[in-house]
Amino acid sequence: MINLGLLIIRLVVGILFIGHGAQKLFGWFGGYGLKGTGGWFDSIGMKPGITMALLAGLAELVGGVLFALGLLTPLAGFIIAGTMIMAIVKVHAPNGLWATANGYEYNLTLLAIAIGVALIGPGQYALDAFLF
């Protein structure tokens, strides 16, 4: 049952990160693409905005794919954790903890999940289990 639970966690979190990366990179799923996201990044002091949007989008997309597949899981977890730390520091921390005030509650939850899975492993239903 633990392995099934880890698979569900990895798939849900990984696929959501893939979606967020696709929003930033390609404008899919209601995102703004590199130009729009880059402009917003510039406005919050993350310059050059388009380059930072590219890096963030790639981190979310690649981290999400690796996490969902359970491939290089510690690396995937720490990539996801890094994006959540940046989101907390650059966007959500000034608003406090609670998501109802655009705080960092959700980001902190994803950070804990990513690091937790990176530390305990992806479970039996993961590419890491077959390859390593």
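Predicted, not measured: the structure shown is a model, and the values here were computed from it.
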Practice item. Is it possible for you to say whether Leu110 and Leu6 belong to one hydrophobic cluster, with membership spreading through side-chain heavy-atom contacts below 4.5 Å? Key: yes
Check your understanding: Does any N or O in the side chain of Asn107 come within less than 3.5 Å of the main-chain N or O of Ile88, such that one atom is a donor and the other an acceptor?
Key -> no
**Study point:** Pairwise distance CZ(Phe130) to CG(Leu69) - rounded to 0.5 angstrom
**Key:** 12.0 Å
Practice item. Might you work through the side-chain contact (heavy atoms from CB on, under 4.5 Å) test for Asn102 and His92, ending with a clear yes or no? Key: CA-CA 6 Å; Asn102 198 30; His92 299 284; 3.2 Å; yes
Review point. Rounded to the nearest 0.5 Å, what separation is found between the CD1 atom of Ile113 and the CG atom of Leu108?
Key: 10.0 Å
Review point. So which heavy atom on Asp128 is nearest to which on Pro74, and how close?
Key: OD2-CD, 4.2 Å
**Study point:** Non-hydrogen atoms of Gln23 and Thr37 that approach each other most closely
**Key:** O-OG1, 4.5 Å
**Study point:** Within 6.0 Å of CZ in Phe26, more than 12 heavy atoms from elsewhere
**Key:** yes
Exercise for review: Please step through side-chain contact (heavy atoms from CB on, under 4.5 Å) for the pair Ile79 and Leu75, ending with a clear verdict.
Suggested key: CA-CA 6 Å; Ile79 290 171; Leu75 175 63; 3.9 Å; yes
**Study point:** Nearest-0.5 Å distance, CE of residue Met46 to NZ of residue Lys90
**Key:** 6.5 Å
Check your understanding: How long is the span from the CD1 atom in Ile9 to the CZ atom in Phe67, to the nearest 0.5 Å?
Key -> 8.0 Å
Practice item. Over all heavy atoms of both residues, which pair between Phe41 and Ala53 is shortest? Give the atoms and the distance, please. Key: CD2-N, 3.5 Å
**Study point:** Qualifying residue, where the test is side chain to side chain contact (heavy atoms under 4.5 Å, CB included) with Phe17 and the options are Leu66, Thr83, Leu61
**Key:** Thr83
Practice item. Could you state whether Leu16 and Phe29 fall into the same hydrophobic cluster, counting links through intermediate Ile, Leu, Val, Met, Phe, Trp or Tyr residues with side-chain heavy atoms under 4.5 angstrom apart? Key: no
Review point. Any donor-acceptor pair under 3.5 Å linking the side chain of Arg10 with the backbone of Tyr125?
Key: yes
Point to revise | Met86 with Leu97, same ILVMFWY side-chain cluster at under 4.5 Å | key: no
Practice item. Look at the side-chain heavy atoms of Ile, Leu, Val, Met, Phe, Trp and Tyr, link any pair under 4.5 Å apart, and say whether Leu4 and Leu11 land in one connected group. Key: yes
Revision key, fill the gap. Residues Ala129 and Gln124: closest non-hydrogen pair is CB-O, 3.4 Å
**Study point:** Hphob cluster co-occupancy, Met84 + Leu58, side-chain heavy atoms under 4.5 angstrom
**Key:** no
Exercise for review: Please round to the nearest 0.5 Å and tell me the distance separating atom CG of Leu34 and atom OG1 of Thr51.
Suggested key: 9.0 Å
Exercise for review: Would you name the heavy atoms of Ala118 and Phe78 that are closest together and state the gap between them?
Suggested key: CB-CE1, 4.0 Å
Revision key, fill the gap. Output for pair (Asp42 CG, Ile50 CD1), nearest 0.5 Å, gives 7.5 Å
Practice item. For residues Val91 and Trp40, determine if any side-chain heavy atom of one lies less than 4.5 Å from a side-chain heavy atom of the other. Key: yes
Exercise for review: Kindly check if the number of other-residue, nucleotide or ligand heavy atoms within 6.0 Å of CG (Leu131) is above 12?
Suggested key: yes
Study note, to complete from the structure: Heavy atoms of Ala76 and Gly63 approach each other most closely as CB-O, 3.8 Å
